[in-house]
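Start at 1 with the first residue, then count along the sequence. When reading the values below, keep in mind they use all heavy atoms of this one structure, side chains included, and skip hydrogens, waters and symmetry mates.
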Amino acid sequence: MDEQGTEWLVFTVHRLVSWGASAAMIFGGIVPYIPQYRDIRRTQNADGFSVYVCLMLLVANILRILFWFGRHFESPLLWQSIIMIVTMLLMLKLCTEVRVANDLSTKRRLFTDFDLNFFWHWSRFMDYVQCVLAFTAVTGYITYLSLDSVLYVEALGFLAVFTEAMLGVPQLYRNHQNNSTEGMR
């Protein structure tokens, strides 16, 4: 094989490995939620899954996307955040449908009730979407006004990473309340 053919082969293999690594980075974060989603759908029971995990991941990924506007990072990480937000909204939709179908109470909780006792335990998926949009709008506006502040941008990045690092806490608390890990994948 001549030198030009070897260079082409190395370049092609490098590009394929790079694309594979990017795809793994983008979609790797959602893989653990696929069996959880399937299990909740199959059993019609979301009791073993803490929807606060969805809250933590939504906040962390929204903050990461806003951080990107102040300090650009690799696009696969940006795409990972977008895919994770969509995934968590799908998980919330399923959990809400299952919980409402199994709930015997006729009292429905809404985001617009502004009752902190029922925060993130609403009866309609649209209430979660409203909350996410409100959070995104407020933090997006503050970020827009503060993009020139290196301290703000770095704090935003830290909060995104810190929130994601604390991801296990809601599930750990849920398992402690249930005295079980049943229903969790």
Side-chain angles (χ1 to χ4, degrees), residues 1-43 46 48-95 125 128-129 132-133 135-137 139-140 142-144 146-175 181-185:
M1 192 183 281
D2 64 345
E3 189 174 319
Q4 190 177 18
T6 305
E7 284 181 28
W8 177 84
L9 181 63
V10 168
F11 175 77
T12 303
V13 169
H14 181 268
R15 177 159 266 165
L16 287 173
V17 169
S18 177
W19 286 346
S22 292
M25 195 181 307
I26 292 168
F27 296 104
I30 67 167
V31 170
Y33 298 99
I34 294 171
Q36 185 72 57
Y37 185 91
R38 293 178 70 203
D39 188 49
I40 292 170
R41 180 170 289 293
R42 183 180 50 78
T43 63
F49 180 73
S50 174
V51 291
Y52 287 110
V53 169
C54 297
L55 173 64
M56 300 280 283
L57 279 170
L58 285 167
V59 168
N61 285 286
I62 289 166
L63 292 177
R64 187 190 299 166
I65 290 170
L66 293 174
F67 174 70
W68 182 86
F69 287 102
R71 190 166 181 202
H72 291 268
F73 48 81
E74 292 183 29
S75 349
L77 290 173
L78 180 63
W79 282 107
Q80 179 191 52
S81 291
I82 294 166
I83 298 292
M84 185 59 79
I85 288 170
V86 170
T87 302
M88 289 302 105
L89 289 173
L90 289 171
M91 286 294 293
L92 275 174
K93 185 174 185 336
L94 177 63
C95 289
F125 172 67
Y128 292 98
V129 173
V132 168
L133 290 175
F135 175 77
T136 304
T139 54
I142 293 169
T143 300
Y144 173 74
S146 306
L147 271 178
D148 294 333
S149 169
V150 174
L151 180 63
Y152 175 80
V153 172
E154 292 301 321
L156 192 62
F158 171 77
L159 284 174
V161 170
F162 182 74
T163 304
E164 194 165 7
M166 299 304 291
L167 179 62
V169 172
Q171 190 63 56
L172 183 67
Y173 182 69
R174 166 70 113 213
N175 294 349
T181 59
E182 187 176 335
M184 185 189 87
R185 290 267 175 207

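- The ring pair (Phe, Tyr, Trp, His ring centres under 6.0 Å) contacts involving residues 152-172 comprise Phe158-Phe162, where partners must be two or more places apart or lie in separate chains.
- Atoms SG and CE, from Cys95 and Met88 in turn, are 9.0 Å apart once rounded to the nearest 0.5 Å.
- Arg38 meets the salt bridge (charged side-chain N to carboxylate O under 4.0 Å, His left out) test with no other residue; sequence neighbours excluded.
- Here Thr87 contributes atom OG1 and Tyr37 contributes atom OH; the two are 10.5 Å apart, rounded to the nearest 0.5 Å.
- Distance check: Leu63 CG to Thr163 OG1 gives 6.0 Å after rounding to the nearest 0.5 Å.
- The distance from the CG atom of Leu66 to the CG atom of Leu147 is 9.0 Å, given to the nearest 0.5 Å.
- Residue Ile62 holds its CD1 atom at 11.5 Å from CD1 of Ile82, rounded to the nearest 0.5 Å.
- Between Met91 and Ile40 the shortest side-chain heavy-atom distance falls below 4.5 Å.
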Query raised in the report: Should Ile65 and Ile85 be marked as a side-chain contact (heavy atoms from CB on, under 4.5 Å) after you check the CA-CA gap, both sets of side-chain angles, and the distance that decides it?
Result: CA-CA 10 Å; Ile65 290 170; Ile85 288 170; 3.6 Å; yes

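- Judged as a salt bridge (charged side-chain N to carboxylate O under 4.0 Å, His left out), and not counting sequence neighbours, the contacts of Glu154 are Arg71.
- Closest approach of Val153 and Ser146 over heavy atoms only: CG2-O, 4.4 Å.
- Across every non-hydrogen atom of Cys54 and Leu92, the tightest pair is CB-CG, 3.8 Å.
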Report task. Give the C-alpha distance, both sets of side-chain angles, the deciding distance and a yes or no for side-chain contact (heavy atoms from CB on, under 4.5 Å) between Leu89 and Tyr128. Result -> CA-CA 8 Å; Leu89 289 173; Tyr128 292 98; 5.6 Å; no

Listed pairs under 3.5 Å, donor-acceptor, residues 7-35 side chains, sequence neighbours left out:
| from | atom 1 | to | atom 2 | distance (Å) |
| --- | --- | --- | --- | --- |
| Thr12 | OG1 | Trp8 | O | 2.8 |
| Ser22 | OG | Ser18 | O | 3.1 |

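- Rounded to the nearest 0.5 Å, atoms CD (Glu74) and CD (Gln80) are 11.0 Å apart.
- Taking the ring pair (Phe, Tyr, Trp, His ring centres under 6.0 Å) definition, one finds that Phe135 meets it with nothing, sequence neighbours left out.
- Counting heavy atoms from C-beta on, the side chains of Tyr144 and Phe69 never come closer than 4.5 Å.
- Applying the side chain to side chain contact (heavy atoms under 4.5 Å, CB included) criterion to Ser50, with sequence neighbours excluded, gives Tyr52, Val53, Pro170, Gln171, Arg174.
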